[in-house]
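Worksheet for the structure shown next.
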Amino acid sequence: MKQITAIIRPERLDAVKDALEKVDCKGITVTDVKGRGEQLGIEEKYRGKSYRIDLLPKVKIETVIPDNTVENVITAICEAAHTGNMGDGKIFISNIEEVIKIRTKERRR
């Protein structure tokens, strides 16, 4: 099993959720986060003064899926989150040893 963690633009969340449903990935956790990537934030001007916003609002989506669905899920996220601009986000893939469903104590490897 794999855990997929995607950091995306907040305005792309609905598109990503819809894309994940279409590839049968229904269980997700969504968290509002702030961060920065290679661009180190953005510079804004307000009333003639420049200031840097170095932590931008993002959304973190996490899901645990079977190994055989990884490529479909990654493709769905990439296509739905893509704007072509810097700051579109990143996807991280981690191995999961075991998952235990609390209600039934069912274990999956």
Side-chain angles (χ1 to χ4, degrees):
M1 298 182 75
K2 302 284 189 207
Q3 178 176 3
I4 306 294
T5 302
I7 310 293
I8 64 167
R9 296 172 178 267
E11 63 270 18
R12 302 304 303 158
L13 176 59
D14 288 336
V16 171
K17 285 190 326 187
D18 292 343
L20 289 173
E21 278 187 37
K22 288 179 183 170
V23 294
D24 204 31
C25 177
K26 296 181 176 92
I28 64 171
T29 300
V30 177
T31 310
D32 290 322
V33 295
K34 290 185 180 184
R36 67 180 191 191
E38 294 176 18
Q39 79 271 25
L40 302 176
I42 58 173
E43 191 167 308
E44 296 271 333
K45 286 192 177 197
Y46 180 72
R47 295 187 177 178
K49 292 186 178 183
S50 294
Y51 62 97
R52 177 167 289 286
I53 301 173
D54 65 346
L55 295 176
L56 301 172
K58 299 290 181 181
V59 172
K60 179 166 69 169
I61 301 171
E62 297 172 292
T63 187
V64 176
I65 57 173
D67 289 336
N68 63 342
T69 63
V70 170
E71 286 306 317
N72 290 341
V73 169
I74 291 170
T75 300
I77 293 170
C78 285
E79 289 177 1
H82 181 264
T83 68
N85 297 314
M86 190 176 277
D88 274 353
K90 294 223 177 357
I91 298 173
F92 305 95
I93 304 166
S94 306
N95 289 317
I96 298 294
E97 290 184 31
E98 188 172 19
V99 175
I100 302 167
K101 190 180 284 188
I102 294 173
R103 179 178 55 87
T104 63
K105 298 180 182 70
E106 173 189 352
R107 292 175 176 253
R108 283 184 156 175
R109 292 186 180 267

- Query: So, the side chain of Thr63 versus the backbone of Gly27: is there a donor-acceptor pair under 3.5 Å, distance only?
  - Reply: yes
- Item | side chain to side chain contact (heavy atoms under 4.5 Å, CB included) assessment of Met1 paired with Arg108 | CA-CA 9 Å; Met1 298 182 75; Arg108 283 184 156 175; 4.1 Å; yes
- Establish whether Ile65 and Ile7 are linked, either directly or via other cluster members, by ILVMFWY side-chain heavy-atom contacts under 4.5 Å. no
- Item | Pair Arg109-Glu97, side chain to side chain contact (heavy atoms under 4.5 Å, CB included): steps then yes or no | CA-CA 6 Å; Arg109 292 186 180 267; Glu97 290 184 31; 5.6 Å; no
- Item | Side-chain donor or acceptor of Asn95 paired with backbone N/O of Lys2 under 3.5 Å | no
- Query: Backbone N or O of Val59 within a donor-acceptor pair of the Asp32 side chain at under 3.5 Å?
  - Reply: no
- Message: Would you say Ile91 ends up clustered with Leu13 if hydrophobic residues are merged whenever their side chains have heavy atoms under 4.5 Å apart, either directly or through other cluster members?
- Response: yes
- Between Glu21 and Lys26, does a salt bridge (charged side-chain N to carboxylate O under 4.0 Å, His left out) hold up when you go through it step by step? CA-CA 6 Å; Glu21 278 187 37; Lys26 296 181 176 92; over 6 Å; no
- Task: Sort out for me which residue in Thr69, Ile61, Leu20, Val64 forms a side-chain contact (heavy atoms from CB on, under 4.5 Å) with Cys25.
- Result: Leu20
- Task: Give the minimum heavy-atom separation between Thr83 and Arg9, together with the two atoms involved.
- Result: OG1-NE, 3.6 Å
- Would you check if Val73 and Glu71 make a side-chain contact, meaning some heavy-atom pair closer than 4.5 Å? no
- Query: Are the side chain of Arg12 and the backbone N or O of Ala80 linked by a donor-acceptor pair below 3.5 Å?
  - Reply: yes
- Task: Determine, stepwise, if the pair Lys60 / Val30 fulfils side chain to side chain contact (heavy atoms under 4.5 Å, CB included).
- Result: CA-CA 6 Å; Lys60 179 166 69 169; Val30 177; over 6 Å; no
- Determine, step by step, whether Ile28 and Lys17 satisfy the side chain to side chain contact (heavy atoms under 4.5 Å, CB included) criterion, reporting the C-alpha distance in whole Å, the side-chain angles of both residues, the deciding distance to 0.1 Å, and the verdict. CA-CA 9 Å; Ile28 64 171; Lys17 285 190 326 187; 3.8 Å; yes
- Message: Can a donor-acceptor pair be found, under 3.5 Å and without considering hydrogens, that links the side chain of Lys90 to the backbone of Gly37?
- Response: no
- With distance as the sole test, does Thr75 use its side chain to make a donor-acceptor pair with the main-chain N or O of Asn72 at under 3.5 Å? no
- Query: Are Val70 and Val99 connected in the hydrophobic side-chain network, where two residues link if heavy atoms are under 4.5 Å apart?
  - Reply: no
